[in-house]
Structures are given as C-alpha cells and as structure tokens.
Trainee: 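Encoded as structure tokens, here's the structure I'll be asking about.
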Amino acid sequence: MAEAEQLLLLDLLPSPFAARVRIALAEKGLNYESREEDLSNKSSLLLKMNPVHKQIPVLIHNGRPICESMVIVQYIDEVWNHKSPLLPSDPYRRAHARFWADYIDKKIYPIGRMLWASKGEVKEASKKDLIECFKILEGELGDKPYFGGERFGYIDLALIPFYSFFYTFETLGNFSVVVEFPKLVDWAQRCLLKESVSKSLCDQRNVYETILGIRKQLGPE
C-alpha cells in the first residue's frame, strides 16, 4: 500500500490545526509532502481542494481532499489503523474523546483569539473565559498522564498544538500558565517528549511574533 500512496498536506507552520495533522501523520509514520500556504494569497490548489472554507489544513490523499483538522485526523486513524491508534476502540470512550476534542475546538482558539485580538473589557472577559476553560481541561486530565489514560491519544492531539500559544496567552493576557495550571504544563511537557509532537509544533516565540503581526494588521479598535 505504502509505495502507491500520495500524501500532500496544504500546511501552515504556526497553525495549531495544521499541527494536529502533522502529529497524526508522524504518529502513523507516514511520508508526505508539506506545502506551505500563504493565507493572504491563497493558492489555486487550496481554493480548488477546499472551496467551501478555503482554509488549511487540507490533506490530499491520492488526489482526493480531506478538510478540517479533526476530520483529517479521524481519516488518518481509520485508513492507517495498523499503528498507533489515536481514537479508543471502545464506543463510549471514543464518544468521550470526540466530546473533548469538540470542546477544545469550540473554546480554546475562539476565546484565545478574542484575548489577543481585543482590548479593555472584552480582553479581560476573554482572559477569564480562557482561564476557566483551562481549569475545566485540567480537571478532566486529573492525575492521568494523558487525557485518555496511559497513552497519547485523540484529545491530547487536539489540545497540544495550543501549547505553542501559551507564551502569547501569558504575555498578552498577563497571567502565568505554569502557576495557574501546573498539571496542564506537566502534561504538555510529557507530550513534547514524543518526537511526533516536538517536531510538529511551532516555536512559542514564532507564534507570538506571528500574532503581533496579525494584531498590527487589525489596527486600532
């Protein structure tokens, strides 16, 4: 199967959503071509392969596109199910993992973006909301090494790319993730011991510089 496979990822290094796909591909030991996209000047291939949302990541498998990061991750897990399963086999635990991945999608990026893109009362409200989300996630993690138990899995993969944003959240939100959420930081460090994770994530300072550039483009409120 492997030799005939053609995998192309329409990618963007600072994107936490693209990082999820990079981690999943690395977990499965798959070779693929990464093509960096410029979202201010989207390629004709991206517009063709994701005409609905026109966003990365897009995984093109033998010419056929799969869009939306966690949909792509599930696809990768199902097609290459011989190694490093990401979703649990038990239906209840699988539903549980999907619930938390959905929570992360609906909360962390939208609230985090509101934090770094806004000022004044909106920014303070966003900071409070983000801290509450991290509290809930830390409660779900509990004393387990990973969200699903003893091994890295689907929920970990959904959340760990946002580790790259911790410095941005701390600096622009004026709080300390280490002080507020030590268990979450320990979990992140555990994930980073995996090469599939450490090689897939964007450096925290690079993300911060990227965010500052976006803030400049947004201009004064």
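The figures here come from the full heavy-atom set of this structure, side chains too, leaving out hydrogens, waters and symmetry mates.
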Trainee: Roughly how far apart are Cys191 SG and Phe152 CZ, rounded to 0.5 Å?
Mentor: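 The CZ atom of Phe152 is 5.5 Å from SG of Cys191, to the nearest 0.5 Å.
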
Trainee: Do the side chains of Leu137 and Trp100 get nearer than 4.5 Å, heavy atoms only?
Mentor: yes

Trainee: My understanding is that only residues two or more places apart in sequence, or in another chain, count here; which of them pass salt bridge (Lys or Arg N to Asp or Glu O under 4.0 Å) with Asp102?
Mentor: Lys106

Trainee: Apply salt bridge (Lys or Arg N to Asp or Glu O under 4.0 Å) to Lys199 and list each qualifying residue two or more places apart in sequence or on a separate chain.
Mentor: Glu195

Trainee: Looking at every non-hydrogen atom in both residues, tell me the closest pair between Leu46 and Ser43 and how far apart they are.
Mentor: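 Heavy atoms of Leu46 and Ser43 come nearest at N-OG, 3.0 Å.
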
Trainee: Do side-chain atoms of Lys123 reach the backbone of Gly173 as a donor and acceptor pair under 3.5 angstrom?
Mentor: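 Judged by distance alone, no pair lies under 3.5 Å.
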
Trainee: Which value, rounded to the nearest 0.5 Å, describes the distance between Leu141 atom CG and Ile155 atom CD1?
Mentor: 9.5 Å

Trainee: Please confirm whether the backbone N or O of Cys67 pairs with a side-chain atom of Asn50, one donor and one acceptor, at under 3.5 Å?
Mentor: no

Trainee: Any donor-acceptor pair under 3.5 Å linking the side chain of Lys144 with the backbone of Glu150?
Mentor: no

Trainee: Find the distance between CD (Glu124) and CG (Leu115) and round it off to the nearest 0.5 Å.
Mentor: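 These two atoms lie 8.5 Å from each other.
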
Trainee: Can any side-chain N or O of Lys194 pair as donor or acceptor with the backbone N or O of Arg190 at less than 3.5 Å?
Mentor: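 Side chain of Lys194 to backbone of Arg190: no pair is present.
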
Trainee: Could you check whether any side-chain heavy atom of His53 comes within less than 4.5 Å of a side-chain heavy atom of Glu68, counting everything from C-beta outward?
Mentor: yes

Trainee: For Gly153, is there any backbone N or O sitting under 3.5 Å from a side-chain donor or acceptor partner on Asp156?
Mentor: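 Yes.
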
Trainee: Could you tell me which non-hydrogen atom of Ser84 sits nearest to which non-hydrogen atom of Asp77, and how far apart they are?
Mentor: O-OD1, 4.0 Å

Trainee: Is it the case that the side chain of Arg22 and the backbone of Ser200 share a donor-acceptor pair, with hydrogens and angles ignored and the cut-off at 3.5 Å?
Mentor: yes

Trainee: Sub-3.5 Å donor-acceptor pair from the side chain of Lys107 to the main-chain atoms of Ile104, do we have one?
Mentor: no

Trainee: Transitively linked via ILVMFWY side-chain contacts under 4.5 Å: Leu8 with Tyr75?
Mentor: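 No; Tyr75 is not reachable from Leu8 via cluster members.
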
Trainee: Do the side-chain N and O atoms of Gln204 and Ser164 include a donor-acceptor pair separated by under 3.5 angstrom?
Mentor: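 No, no side-chain donor-acceptor pair sits under 3.5 Å.
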
Trainee: Are Ile131 and Leu172 connected in a single hydrophobic cluster, I mean Ile/Leu/Val/Met/Phe/Trp/Tyr linked by side-chain heavy atoms less than 4.5 Å apart?
Mentor: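 Result: yes, single cluster for both.
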
Trainee: Between Ile72 and Val58, what is the shortest heavy-atom contact and its length?
Mentor: CD1-CA, 4.2 Å

Trainee: Do Arg151's NZ or CZ and the ring of Tyr146 fall within the cation-pi criteria of under 6.0 Å and 45°?
Mentor: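 The answer is no, since Arg151 fails at least one limit relative to Tyr146.
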
Trainee: Do Leu45 and Arg35 come close enough that some side-chain heavy atom pair is under 4.5 Å?
Mentor: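 Contact flag for Leu45/Arg35 side chains = yes.
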
Trainee: One pair to check against side-chain hydrogen bond (donor to acceptor under 3.5 Å, both in side chains): Gln74 and Tyr154. What are the steps and the verdict?
Mentor: CA-CA 9 Å; Gln74 288 184 50; Tyr154 190 74; 2.9 Å; yes

Trainee: If you look at every heavy atom in Ser126 and Ile111, which pair is closest and at what distance?
Mentor: O-CG2, 3.3 Å

Trainee: Look only at the side chain of Lys42 and the backbone of Gln55, and say whether a donor-acceptor pair between them is shorter than 3.5 Å.
Mentor: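 No, Lys42 side chain to Gln55 backbone: no donor-acceptor pair under 3.5 Å.
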
Trainee: Are the side chains of Tyr167 and Val177 in touch, meaning some heavy atoms are under 4.5 Å apart?
Mentor: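 Tyr167 vs Val177: side chains apart.
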
Trainee: Indicate the atoms forming the closest heavy-atom contact of Glu27 with Ser196, along with that distance.
Mentor: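 Shortest heavy-atom contact: OE2-OG, 2.6 Å.
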
Trainee: Given Leu201 and Leu192, is the side chain to side chain contact (heavy atoms under 4.5 Å, CB included) satisfied, shown in steps?
Mentor: CA-CA 9 Å; Leu201 296 194; Leu192 284 164; 3.8 Å; yes

Trainee: State, yes or no, whether a side-chain contact exists between Phe165 and Pro16 at a heavy-atom distance under 4.5 Å.
Mentor: yes

Trainee: Regarding Tyr103 and Glu140, is there a side-chain donor-to-acceptor distance under 3.5 Å anywhere?
Mentor: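 There is no such pair between these side chains.
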
Trainee: Output yes when a side-chain donor or acceptor of Glu37 lies under 3.5 Å from a complementary backbone atom of Asp11, and no otherwise.
Mentor: no

Trainee: Does the side chain of Leu7 reach to within under 4.5 Å of the side chain of Glu33, using non-hydrogen atoms?
Mentor: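 In short, these two side chains do not touch, never coming nearer than 4.5 Å.
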
Trainee: Could you grab the distance from atom NZ of Lys135 to atom CG of Leu184, nearest 0.5 Å is fine?
Mentor: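 Separation between the atoms: 13.0 Å.
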
Trainee: Determine whether Tyr208 and Phe166 make a side-chain contact, defined as any pair of heavy atoms from C-beta on separated by less than 4.5 Å.
Mentor: no

Trainee: Can you check whether Phe134 and Phe162 have ring centres sitting under 6.0 Å from each other?
Mentor: no

Trainee: Between Ile56 and Phe17, is a side chain to side chain contact (heavy atoms under 4.5 Å, CB included) present by the stated rule, with each step listed?
Mentor: CA-CA 8 Å; Ile56 56 93; Phe17 305 106; 5.7 Å; no

Trainee: Identify, with sequence neighbours excluded, every residue that meets side-chain hydrogen bond (donor to acceptor under 3.5 Å, both in side chains) alongside Glu170.
Mentor: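 If we apply the side-chain hydrogen bond (donor to acceptor under 3.5 Å, both in side chains) test to Glu170, skipping adjacent residues, there are no hits.
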
Trainee: Show your reasoning for whether side chain to side chain contact (heavy atoms under 4.5 Å, CB included) applies to Thr168 and Leu212.
Mentor: CA-CA 9 Å; Thr168 299; Leu212 290 185; over 6 Å; no

Trainee: Give the C-alpha distance, both sets of side-chain angles, the deciding distance and a yes or no for side chain to side chain contact (heavy atoms under 4.5 Å, CB included) between Ile76 and Leu30.
Mentor: CA-CA 10 Å; Ile76 290 168; Leu30 297 168; 4.3 Å; yes

Trainee: Hey, what do you get for CZ (Arg215) to OG (Ser118), rounding to the nearest 0.5 Å?
Mentor: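 Interatomic distance, Arg215 CZ to Ser118 OG, rounded to 0.5 Å: 8.5 Å.
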
Trainee: Under 4.5 Å between side-chain heavy atoms, counting indirect links through other Ile/Leu/Val/Met/Phe/Trp/Tyr residues: same cluster for Trp116 and Leu159 or not?
Mentor: yes

Trainee: May I ask you to check whether over 12 heavy atoms, not counting those of Asn31, lie within 6.0 Å of atom CG?
Mentor: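 Counting other residues, nucleotides and ligands, CG of Asn31 stays at 12 neighbours or fewer.
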
Trainee: Indicate yes or no: at least one non-hydrogen side-chain atom of Leu13 is less than 4.5 angstrom from one of Ser15.
Mentor: no

Trainee: Counting heavy atoms not belonging to Asp38, are there more than 12 under 6.0 Å from its CG?
Mentor: yes

Trainee: Using the test salt bridge (Lys or Arg N to Asp or Glu O under 4.0 Å), find all partners of Asp143 that sit at least two apart in sequence or belong to another chain.
Mentor: Lys183

Trainee: Got a second to check how far Asn206's CG is from Ile211's CD1, nearest 0.5 Å?
Mentor: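 Reported value, rounded in 0.5 Å steps: 11.5 Å.
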
Trainee: Do you know the tightest heavy-atom contact between Pro161 and Ile23?
Mentor: CG-CD1, 4.3 Å

Trainee: Does Ser69 offer a backbone N or O that forms a donor-acceptor pair with the side chain of Arg20 under 3.5 Å?
Mentor: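 Between the backbone of Ser69 and the side chain of Arg20 there is no qualifying donor-acceptor contact (under 3.5 Å).
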
Trainee: Only pairs at least two apart or in different chains count here, so list each ring pair (Phe, Tyr, Trp, His ring centres under 6.0 Å) that has a residue in residues 182-205.
Mentor: Phe147-Trp187

Trainee: Under the 4.5 Å side-chain heavy-atom rule for ILVMFWY, direct or indirect, which residues accompany Val52?
Mentor: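 Its cluster partners, ordered by chain and number, are none at all.
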
